[in-house]
There are 2 protein chains.
Amino acid sequence: MMKLVPIAPLDTDPVPDLCRACKARNRGICGALNASQLSELTRRAHRQVVEPGKTLLDAEQPTSNYSNVLAGVVKLSKMLPDGRQQIVGLQFAPDFVGRPFSPESSLKAEAVTSTVLCTFPRQLLERMISESPELEHKLYLQALDELDDARDLLLTLGRKTARERVATFLLMIARHSPHADGNDEGGTGFELPLTRAEIADFLGLTIETVSRQLTKLKGSDVIRVEQNRRIRVPDMELLEAETGD
Amino acid sequence: MMKLVPIAPLDTDPVPDLCRACKARNRGICGALNASQLSELTRRAHRQVVEPGKTLLDAEQPTSNYSNVLAGVVKLSKMLPDGRQQIVGLQFAPDFVGRPFSPESSLKAEAVTSTVLCTFPRQLLERMISESPELEHKLYLQALDELDDARDLLLTLGRKTARERVATFLLMIARHSPHADGNDEGGTGFELPLTRAEIADFLGLTIETVSRQLTKLKGSDVIRVEQNRRIRVPDMELLEAETGD
DNA sequence: CGGATCCTTGAACCTAATCAAGAAATGTGG
DNA sequence: CCACATTTCTTGATTAGGTTCAAGGATCCG
């Protein structure tokens, strides 16, 4: 049975086309917005495709825009004054990229692959947060997930061997791969979004060590390296057994 | 001048004595609650002093209670099946300890010092979150801070030397010490809440390495070790210079 | 095809781990 | 309060996993 409720005047806006076509619409934070809020967001947001290396947020710099990742991968990294670098997180669709309630980011956010983003002004989002508890709730849930991820990575960096780290990374990518070919003849295949240097920066290793461990995992028949960036895992359980947990 | 506002019937409850005396009341998440909410929370919360080693949340176990830290220090840790351990966070007053929206914790929370807690049922908090956006906002802010801390630690574990890690840890503790004696004759003095073994688990090192680096920092006149747990920093800038950032 | 970037492999080195012992601090019961 | 047991911490010797330095091979792209 239908309830009769007064129609809020602002809610007569239709869902914008941009959002209607957005794959992240119902999984990401925008799912918390009503049509009028979506409409306002859309008026000031734009969809863009950015190339690898494009910086979205810069450490110690005032931030003017936040983004949602619609496709591709974004890395979050920190750097010491002497140049040592650590990747502290990877973001996939439909993740939100930004640090609400702080005028500047403490880290750098950079596209690692060709990436599709929905970008909008920082202040607009912060205003919408204050108007929509539902939106803040979604952001909170994402923050909690990122916290779990960060702490898993802490265990990896603090206590795992090089081989275990590489296996852990491969498993993580496999699980995030949308087109990881299922169990056809040769197990699961997927593409690494990161270069060896980036994998090293993620795992707290050097590029040489990453390369050597991939070679050794190949030698143990845990993986096959079909091309530099293309990995195949014949038996996912074998890979899981290499992660240490 | 006083404003005349209608008094919400439920808000006639006075602020409970337990909360009135709570030092964390206005800094922690309870600051987001009105008198009636506080009153309900208090009815089902209890203040307790727990001894070092007491487990508050256990990995892979359903959690029935959350807590606020009122005094003391709580460690959050993860363990691999073979026993390797990593501390992934330290919580001080007035931090909230718990993982909302997840029936079980992915980590273990344990008192490291004698600790004062305000403990209450998990489901009560989750119900109050759904009723109070202000409360969820405070929790979100804390989660964002914990995320920043976790990512700082990632940089430490992934890229710093043993000496830099120990210096980074000492600086962190110094900054969290309420009774760090100010700049009397000998600089800043404070108490380490953790054993050497726990410091090692926090920094991804062994107990021997922590001990050796403390000895070396002493040899370089960056710190003085007055007792095992008592450190003095003659010049805080010297210590900062050892952290690598 | 040529140049640049990315990746692999080898050899030497080094930092931190491991193994081992003893010293200092803490706690306990007489 | 002291003697003893236990835990915690320090120090030394050795080992090993990963880094650094160096060179050569793939791969990619104009």
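Here the structure is a predicted model, which means the values were calculated and not measured. Each chain gets a letter, A, B and so on, in the order its sequence line appears, and its residues count up from 1.
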Next item on the list: Using a 4.0 Å heavy-atom cut-off across all strands, classify T195(A) as base, sugar-phosphate, or nothing.
Entry: sugar-phosphate

Notebook entry, point to check: What's the CZ-P distance between R230(B) and dA25(C), to the nearest Å?
Noted result: 15 Å

Note to self: Between P on dT9(C) and NZ on K216(A), what's the gap in Å once rounded to a whole number?
What the structure shows: 11 Å

Next item on the list: Spell out protein contact along nucleotides 15-24 of chain C as letters: B when the base is contacted, S when just the sugar-phosphate is, - when no protein heavy atom is under 4.0 Å; keep the 5' to 3' order.
Entry: -SSBB-----

Next item on the list: Could you check whether the rings of F120(B) and F96(B) sit parallel, tilted or perpendicular, using 30° and 60° as the cut-offs?
Entry: parallel

Margin query: Within residues 71-90 of chain B, which residues have any heavy atom lying less than 4.0 Å from an atom of DNA chain D?
Written below: none

Notebook entry, point to check: Out of Q227(B), R230(B), R229(B), which residue meets the side chain to side chain donor-acceptor pair (under 3.5 Å) rule with E191(B)?
Noted result: R230(B)

Note to self: Using a 3.5 Å distance criterion without hydrogens, assess whether the side chain of T55(A) forms a donor-acceptor pair with backbone atoms of D58(A).
What the structure shows: no

Next item on the list: For residues L153(A) and L157(A), determine if any side-chain heavy atom of one lies less than 4.5 Å from a side-chain heavy atom of the other.
Entry: yes

Notebook entry, point to check: Any salt bridge (Lys or Arg N to Asp or Glu O under 4.0 Å) pairs touching residues 148-157 of chain B, not counting sequence neighbours?
Noted result: K78(A)-D152(B), R99(A)-D148(B), E146(A)-R151(B)

Next item on the list: Only counting residues at least two apart or in another chain, list the ones meeting ring-ring contact (aromatic ring centres under 6.0 Å, His included) with H176(B).
Entry: F92(B)

Note to self: Hydrogens and angles aside, do S220(A) and R163(A) bring a side-chain donor and acceptor to less than 3.5 Å of each other?
What the structure shows: yes

Check: Atom OG1 of T209(B) and atom CZ of R196(B): how far apart are they, to the nearest 0.5 Å?
Finding: 13.0 Å

Next item on the list: Identify the two heavy atoms, one from L192(B) and one from N228(B), that lie closest to each other, and give their separation to 0.1 Å.
Entry: CD1-O, 4.3 Å

Check: Which atoms form the tightest heavy-atom contact between L154(A) and V88(B), and what is the distance?
Finding: CD1-O, 3.6 Å

Checklist line | Nearest-0.5 Å distance, CG of residue N65(B) to CD of residue Q48(B) | finding: 8.0 Å

Check: Can you tell me if T168(A) and T156(A) form a side-chain donor-acceptor pair at under 3.5 Å?
Finding: no

Next item on the list: Could you check how far CD1 of I199(A) sits from P of dC7(C), rounded to whole Å?
Entry: 7 Å

Margin query: Rounded at 0.5 Å granularity, tell me how far OG in S77(B) sits from CD in E110(B).
Written below: 6.0 Å

Checklist line | Value in whole Å for how far the C1' atom of dT5(C) lies from CZ of R229(A) | finding: 11 Å

Next item on the list: Go through DNA chain D in 5' to 3' direction and return only the first and the last nucleotide with some atom under 4.0 Å of chain B's heavy atoms.
Entry: dC9(D) to dA13(D)

Item checked: Difference in axis direction between the ends of the helix from dC1(C)-dG30(D) to dG30(C)-dC1(D), five pairs, 10° -> 50°

